[in-house]
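See structure below.
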2 protein chains.
Amino acid sequence: MSTSLTIDGNEAVARMAYLGHEVIAIYPITPASSMGEWADEWAAQGRLNLWGAVPKIIEMQSEGGAAGVLHGALTSGALATTFTASQGLLLMIPNLYKIAGELTPFVLHVAARPLATHALSIFGDHSDVMACRATGCAMLAANSPQEAQDFAVIAQAATLQGRIPVIHFFDGFRTSHEVAKIVAVDAETVRTMIDAGQVAAHRARALSPEHPVLRGTSQNPDVFFQSRERANPFYDAFPGIVQAAMDRFGELTGRHYRLFDYVGAEDAERVIVLMGSGAETVHETVEHLNARGERVGVLKVRLYRPFAADALLAALPASARAVAVLDRSKEPGADGEPLYKDVVTALAQAAADGVRVMPRVIGGRYGLASKEFTPGMVKAVFDELSNSVPAKDRVRQFTLGIHDDLTHLSLPWDEGFRTDASRQLQHAVFWGLGADGTVSANKNSIKILGEATDLQAQGYFVYDSKKSGAVTVSHLRFGPAPIRSPYLVENGMAGFVACHQAMFVDRYELLEHAAPGGVFLLNTAAPPDGVWETLPRTLRAQIREKNLQLWVIDAYAVATEAGMGRRINTIMQTCFFAISGILPKEEAIVAIKQAVDKTYGRKSTRLVGLNYRAIDMTLSRLHRVAMPAHELQDMAAGQTAASGTPAALPDFVRDLTLPIYHGHGDALPVSRLPVDGTYPLGTAQYEKRNIALEIPVWDADLCTQCGKCVLVCPHTAIRARVPG
Amino acid sequence: MSTSLTIDGNEAVARMAYLGHEVIAIYPITPASSMGEWADEWAAQGRLNLWGAVPKIIEMQSEGGAAGVLHGALTSGALATTFTASQGLLLMIPNLYKIAGELTPFVLHVAARPLATHALSIFGDHSDVMACRATGCAMLAANSPQEAQDFAVIAQAATLQGRIPVIHFFDGFRTSHEVAKIVAVDAETVRTMIDAGQVAAHRARALSPEHPVLRGTSQNPDVFFQSRERANPFYDAFPGIVQAAMDRFGELTGRHYRLFDYVGAEDAERVIVLMGSGAETVHETVEHLNARGERVGVLKVRLYRPFAADALLAALPASARAVAVLDRSKEPGADGEPLYKDVVTALAQAAADGVRVMPRVIGGRYGLASKEFTPGMVKAVFDELSNSVPAKDRVRQFTLGIHDDLTHLSLPWDEGFRTDASRQLQHAVFWGLGADGTVSANKNSIKILGEATDLQAQGYFVYDSKKSGAVTVSHLRFGPAPIRSPYLVENGMAGFVACHQAMFVDRYELLEHAAPGGVFLLNTAAPPDGVWETLPRTLRAQIREKNLQLWVIDAYAVATEAGMGRRINTIMQTCFFAISGILPKEEAIVAIKQAVDKTYGRKSTRLVGLNYRAIDMTLSRLHRVAMPAHELQDMAAGQTAASGTPAALPDFVRDLTLPIYHGHGDALPVSRLPVDGTYPLGTAQYEKRNIALEIPVWDADLCTQCGKCVLVCPHTAIRARVPG
């Protein structure tokens with residue numbers, strides 16, 4: 001009897017890691033932090049692991065220290081793990097070489113993230129894990145929250161048996177922070193997967209005064225090389241051990257995985273090879289294209305190291321005459337990315353052996369720092385692989401998802417391409433302000449839908465790295481079939497778009513996601529009969545052109561009246577359920593109230609009461625706004641909205657800074673960016689975030705001249721005048 | 001007018017680095033330490049760089065700190081460098097990504113060394129630099145002290161022009177510590193190579209309050225990817241920039257280099273591709289084989305990153321139908337090492353383009369942790385590449401220099417193979433005790449020969465990592481032609497073998513290097529007419545069989561009488577020159593005395609006088625020992641020496657520990673080594689190093705019961721008895 005959970009990838013992994021470990025070394029780094037936070041919280045609650053103990057959570061001064069804790073704990077026979085990403089992972093590299101060299105069973109969970117180069121980025125790609133591929137650790141890639149949970153268990157089972165430490169990785173944010181409905185792995189399954197004999201063997205190898213041995217020696221040229229080769233049989237055996245663990249897991253759960261999982265036409269001529277969440281996008285696109293008579297496929301790389309070339313070749317259809325290998329990383333100075341070179345080598349060797357004709361192989365970079373990777377881009381790759389491209393125009397190395405006007409590597413793609421799977425889903429998009437409660441409310445909504453219905457659900461939240469006070473966009477999907485869409489809600493697909501902050505109407509393309517005939521919900525202080533005139537002309541034009549239903553609520557007024565201060569999350573959530581009709585309204589209200597109980601029940605019955613009141617008030621304060629008659633005339637006249645950019649801006653600000661501020665950064669071509677991450681100063685003046693709901697005014701009668709206002713004002717709008 | 005210097009690779013690099021930099025961040029790690037030590041010493045002496053300033057030498061708490069200093073100094077516009085290896089290099093990885101991402105000109109000099117895995121090793125291979133190949137740094141490999149000097153300059157010229165930081169690496173110990181006679185690059189050449197305009201441009205990009213900019217930003221998915229691609233033109237241009245710097249350097253010095261330097265037959269069918277000192281061994285072997293009518297070649301990879309596949313293909317003869325790529329590193333879990341995969345990819349792409357038929361390509365690992373790499377092994381690779389190996393027996397991945405009885409990857413080789421070049425050299429081997437002065441004396445001897453004659457000279461010193469008190473073996477070569485033999489003196493090749501410590505006669509294979517008819521010089525307290533009987537039977541048999549001249553001196557007696565205490569280095573050096581005849585005896589004595597002046601002159605005229613006296617005494621105390629008549633009978637009877645191993649040893653000690661103690665570790669097959677670097681305790685009891693010349697005796701009358709003897713005895717031979 002399987003239970004479903006609606007949680008994000010990090011929580012899914014943390015649950016498994018917590019069950020199977022005794023020592024958990026942590027140090028927070030985005031996007032891995034919440035795995036450590038969950039473990040820390042559960043330990044504080046006294047939650048038990050498989051062996052009835054509370055794991056010891058150890059936070060160090062950095063990931064370097066955490067890695068030292070791990071090496072020590074593992075060497076003393078403990079089952080130890082950690083969670084990290086990016087620079088944190090780099091700090092662990094020295095210990096990873098040691099842990100692998102000593103054949104120590106260990107799983108390291110990585111929410112993969114770029115390494116800081118010209119700039120840092122907190123988002124997702126594989127450059128951090130690729131920096132560890134020489135360490136001797138195995139590398140196992142999970143493509144979704146479901147797989148991240150499952151592979152956490154498979155990795156631990158395999159490492160205990162095979163003694164090769166495993167870097168289990170999944171895409172930062174895209175998988176770590178995607179909330180999805182998954183089938184939970186229960187403790188009994190984990191217990192069955194983790195072989196008690198192998199745990200005992202690990203403990204028996206510990207450094208202990210009871211049976212002392214020497215480890216960590218210094219070796220000279222006479223024996224070091226032989227010693228290094230001595231571990232070969234462990235690496236040779238490991239792919240088989242992982243496959244066996246996958247098979248055992250499949251028997252227990254019904255979810256079957258292979259080292260390389262092929263999906264697509266048996267006689268596919270064109271195949272894409274990749275790993276990570278992008279493989280799901282390709283999977284979805286392959287099904288769409290094959291349903292239209294194409295013969296394409298995707299090879300999902302799950303065990304990247306040890307690299308089992310024979311398993312790869314066995315999984316790749318013999319019919320494949322054109323292969324694209326996609327890497328979510330970049331190694332400047334290499335003439336091809338790592339997975340590309342691995343696959344070319346495997347195929348060239350097979351060709352040399354005469355067992356397979358060498359197909360055409362091309363390599364692409366995609367998705368750096370969570371750059372979107374969509375079915376349209378996948379289609380572009382398959383198109384490039386088709387024979388219809390004249391030989392002279394074919395590419396060997398390319399990039400996807402950007403416009404490279406400088407080195408001309410980018411493939412163009414059709415932004416309007418949509419898959420059948422995507423068309424069968426319901427999509428909703430919510431514009432909120434960081435810390436205004438929008439994201440939390442949406443997570444709640446997904447959980448309600450995931451738990452109260454048979455619907456599959458997915459939520460992904462685009463945060464600005466400015467954190468509190470910046471825009472957040474929530475992308476929600478619901479539908480009856482499994483959701484393999486690890487990309488943002490596409491333009492024109494969202495039947496429901498909500499804007500939780502009225503000042504966004506002037507600033508963002510709020511309605512690009514909106515589907516024709518959909519709903520636009522706006523939180524605004526303007527009265528229903530006056531709101532239309534407060535909207536900018538471009539927005540009004542889009543509402544008209546897409547024939548959207550406009551709904552409004554003054555959520556801040558409701559919140560204030562309900563005694564909730566500035567907390568509008570429950571109110572906006574109620575509006576979503578009231579309008580969208582995904583659940584019957586009454587059922588939804590009950591579920592929202594249950595969620596309120598769950599969130600606040602233990603803290604305060606007063607808060608629960610206030611939320612209940614707000615929910616009830618919301619329904620009566622939500623209004624649908626009809627389009628004024630004169631707008632229909634505008635529409636008939638085909639009048640379009642004017643847009644303009646203020647004149648007299650510095651070129652850099654006009655060409656780069658403002659497009660980024662306005663949310664058009666994705667469209668910037670490569671040549672516009674600085675070569676080395678150097679930016680001019682003084683550009684905050686052009687941003688005018690203007691997010692304050694209230695403007696403080698200096699009251700001379702109250703001022704004690706303490707001067708603190710000068711210190712705390714982040715924009716130095718308040719300055720001290722010190723008499724000279 | 002070019003000057004020659006007889007120095008090691010580290011000093012050669014440090015001289016160039018010192019000239020061209022203002023900030024030198026240091027942290028000592030073997031085998032890179034002496035580069036930092038030289039820089040520190042020269043700065044303390046007030047030596048000036050190119051701009052008439054003393055570089056600022058900054059030692060931090062670790063290489064992590066040194067990397068931070070560099071990033072900071074470079075970002076503030078300084079010309080900054082450092083020297084490191086192995087784990088030290090790992091600690092710099094995070095900053096290397098940043099330095100490269102910000103397109104900062106910078107050269108990092110690495111004496112390449114293994115990373116600690118199952119054990120650490122202080123010796124040489126490329127696993128450390130390979131761990132950095134994803135950082136975005138260029139990588140330039142020097143193969144000899146001469147090239148290490150030259151490439152230090154070329155790297156700096158190129159990085160200043162192209163803005164890609166360069167990891168300039170050379171083999172730890174084999175190149176860093178090999179003393180060789182090189183043509184010096186003078187300051188004027190360095191000044192010409194370093195373009196003042198590019199230095200000014202670097203300074204102009206500095207962070208400065210005079211022209212403030214922002215660097216080190218955080219980027220979101222919208223623009224990070226484009227920004228990462230923005231640097232492509234710099235990487236595309238860099239190989240050309242390096243080649244241009246090489247060409248400029250060639251014009252100035254007459255030493256011409258290419259990104260990929262091919263040596264061998266124009267129509268070679270078999271080619272080995274590799275980088276580092278091993279390329280010189282292949283070069284020497286190629287010349288030997290081609291002189292015998294074979295058609296083979298070597299492709300030396302100099303610029304490894306950016307990897308210029310077109311330059312590689314242009315350099316590799318079109319006739320090559322079988323290629324072996326050798327990597328001096330190992331990535332467990334990869335099904336081929338990095339350079340192998342790079343070359344396979346380049347060739348497969350060329351084959352796909354139809355410009356070249358795909359040759360057979362095989363990949364080998366060699367030389368891990370300074371494992372020997374000899375012409376015999378090179379011959380084995382060429383043999384494997386030949387058509388005479390039946391197709392079914394051909395290998396794809398192999399190891400060289402070990403006996404792998406476990407995974408059967410190793411190629412067998414002929415240990416007796418010698419090149420013409422090797423036969424034309426004079427070889428000498430010296431057995432000393434760490435800190436007994438043998439190595440210093442030999443370095444002195446090489447300098448004397450290098451500076452006083454037209455001879456080429458090479459010295460390499462095999463240290464036991466036990467440091468002081470362990471055996472050191474000095475391998476010296478002299479000859480008229482350039483020496484391309486970065487491997488130890490081969491068995492049977494040394495016309496001169498000296499043993500500076502009498503207790504070694506029972507312990508090591510002192511005479512395996514000795515050439516028939518050569519000299520064996522022994523420092524012994526036994527009198528000339530009684531020494532023969534003190535030698536073990538096996539040694540006597542070797543002297544007989546190889547017909548060696550036996551010379552003896554009681555160097556400790558001479559040292560004591562001359563007032564030199566236990567310092568025998570000058571005495572043994574005098575013996576070498578007196579017997580070997582490489583220089584006329586009188587000329588040699590003058591040179592040795594000049595060396596004494598140079599070493600001690602500034603410190604103490606008394607020490608100079610003592611050394612002079614020891615030198616003069618030496619000649620009268622050096623004796624040639626005739627072989628006693630009864631030995632000739634033994635010889636006629638063909639009697640061989642008995643050898644035996646003590647019985648009742650633990651298996652592990654018998655099979656592994658003792659062979660290592662006795663210097664036979666190289667012969668141990670892979671299966672004998674522990675899988676994970678775990679060793680039993682208590683094995684020091686079997687070593688019996690027995691190196692003390694005097695044994696202290698406890699004198700009850702003098703003992704104050706302080707107990708310190710217990711603390712300082714490293715083998716706990718002295719124990720405290722505390723009355724209970």
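Among A:Gly64, A:Ala138, A:Ala231, A:Pro233, the residue making the largest number of heavy-atom pairs under 4.5 Å with chain B is A:Pro233. Each of B:Leu207, B:Leu103, B:Leu347 has some count of heavy-atom pairs under 4.5 Å with chain A, and the biggest count is that of B:Leu103. Annotation: maximal heavy-atom pairing with chain A below 4.5 Å, among B:Arg305, B:Arg360, B:Arg396, B:His211, occurs at B:Arg396. Of the listed residues A:Val223, A:Thr217, A:Ile93, A:Asp342, the one with more heavy-atom pairs under 4.5 angstrom with chain B than any other is A:Thr217. Among A:Val344, A:Thr345, A:Val462, A:Thr399, the residue making the largest number of heavy-atom pairs under 4.5 Å with chain B is A:Thr345. Comparing B:Ser329, B:Pro332, B:Ala134, B:Pro306 by heavy-atom pairs within less than 4.5 Å of chain A, the highest count is held by B:Pro332. Heavy-atom pairs under 4.5 Å with chain B peak, among A:Glu331, A:Met139, A:Lys330, at A:Lys330. Your options are A:Ala131, A:Ala334, A:Gly124, and the one with the most heavy-atom pairs under 4.5 Å with chain B is A:Ala334. Counting heavy-atom pairs closer than 4.5 Å to chain B, the top residue among A:Lys371, A:Arg230, A:Met358, A:Glu102 is A:Arg230. Looking only at heavy-atom pairs under 4.5 Å with chain A, the residue among B:Asp335, B:Leu656, B:Thr135 that has the most is B:Asp335.
With a threshold of 4.5 angstrom between heavy atoms, A:Phe238 does not approach chain B through any atom at all. With a threshold of 4.5 angstrom between heavy atoms, A:Leu409 approaches chain B through side-chain atoms but not through N, CA, C or O. A:Arg228 touches chain B through backbone and side chain together, each having a heavy atom under 4.5 Å away. For chain A, the nearby part of B:Tyr235 is the side chain; its heavy atoms alone come within less than 4.5 Å. For a residue to count as touching a neighbouring chain, one of its non-hydrogen atoms must lie under 4.5 Å from one of that chain's; by this rule B:Leu406 touches chain A with the side chain only. Within the 4.5 angstrom heavy-atom criterion, only side-chain atoms of B:Pro114, from C-beta onward, approach chain A. Interface remark: A:Glu337 contributes no atoms to any contact with chain B (heavy atom separation under 4.5 Å). In this structure, no portion of B:Ala100 lies under 4.5 Å from any heavy atom of chain A. With a threshold of 4.5 angstrom between heavy atoms, A:Arg672 does not approach chain B through any atom at all. Both the backbone and the side chain of A:Leu668 come within contact range of chain B, with heavy atoms under 4.5 Å apart. With a 4.5 Å cut-off on non-hydrogen atoms, A:Met130 does not touch chain B at all. Contact of A:Phe173 with chain B is not made at all, since no heavy-atom distance falls under 4.5 Å. Only the backbone of A:Leu400 comes within contact range of chain B, with at least one heavy atom under 4.5 Å from a heavy atom of that chain. Looking at A:Pro338, neither its backbone nor its side chain comes within 4.5 Å of chain B, counting heavy atoms on both sides. Proximity to chain A involves both the backbone and the side chain of B:Arg133, based on heavy atoms less than 4.5 angstrom apart. For a residue to count as touching a neighbouring chain, one of its non-hydrogen atoms must lie under 4.5 Å from one of that chain's; by this rule A:Gln349 touches chain B with backbone and side chain alike. For A:Leu91, the part sitting under 4.5 Å from any heavy atom of chain B is the side chain, from C-beta outward, and nothing else.
Annotation: side chain of A:Tyr97 is in contact with side chain of B:Leu90 (closest heavy-atom distance under 4.5 Å). A 4.5 Å side-chain heavy-atom check between A:Gln397 and A:Tyr340 finds at least one atom pair inside the cut-off. Taking the side chain as every heavy atom from C-beta outward, A:Thr75 and A:Thr104 never approach each other to under 4.5 Å. Residues A:Phe224 and B:Thr117 are in side-chain contact: their nearest non-hydrogen atoms beyond the backbone lie under 4.5 Å apart. For the pair A:Val213 and A:Arg205, the minimum side-chain heavy-atom distance is 4.5 Å or more. Counting heavy atoms from C-beta on, the side chains of B:Leu339 and B:Phe307 come closer than 4.5 Å.
Judged as a side-chain contact (heavy atoms from CB on, under 4.5 Å), and not counting sequence neighbours, the contacts of B:Ala116 are A:Lys98, B:Gln87, B:Leu120.
Judged by distance alone, with hydrogens and angles left aside, the side-chain atoms of B:Arg113 form a donor-acceptor pair with the main-chain N or O of B:Ser121 at under 3.5 Å. Not a single donor-acceptor pair under 3.5 Å links the side chain of B:Ser370 to the backbone N or O of A:Pro221. In this structure a side-chain-to-backbone donor-acceptor pair under 3.5 Å is present from A:Ser410 to A:Asp404. The backbone N or O of B:Leu115 lies less than 3.5 Å from a partner atom in the side chain of B:Ser127, making a donor-acceptor pair. Listed for the B:Asp125 side chain is a donor-acceptor partner under 3.5 Å among the backbone atoms of B:Ala369. A:Asp128 places a side-chain N or O within donor-acceptor distance of the main-chain N or O of A:Ser86, the cut-off being under 3.5 Å.
Residue B:Arg328 comes nearest to B:Gly367 through the heavy atom pair NE-O, 2.8 Å, listed as atom of the first residue, atom of the second, then distance.
Of the charged side-chain nitrogens involved, at least one lies within less than 4.0 Å of a carboxylate oxygen, so that A:Glu229 and B:Arg365 count as a salt-bridged pair.
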Could you list the donor-acceptor pairs under 3.5 angstrom formed between side-chain atoms of residues 675-684 of chain B and any protein atom two or more places apart in sequence or on another chain?
from	atom 1	to	atom 2	distance (Å)
B:Asp676	OD1	B:Thr678	N	3.3
B:Asp676	OD1	B:Thr678	OG1	2.9
B:Asp676	OD2	A:Arg163	NH2	2.7
B:Asp676	OD2	B:Thr678	OG1	3.4
B:Thr678	OG1	A:Arg215	NE	2.8
B:Thr678	OG1	A:Arg215	NH2	3.4
B:Tyr679	OH	A:Gln219	NE2	2.8

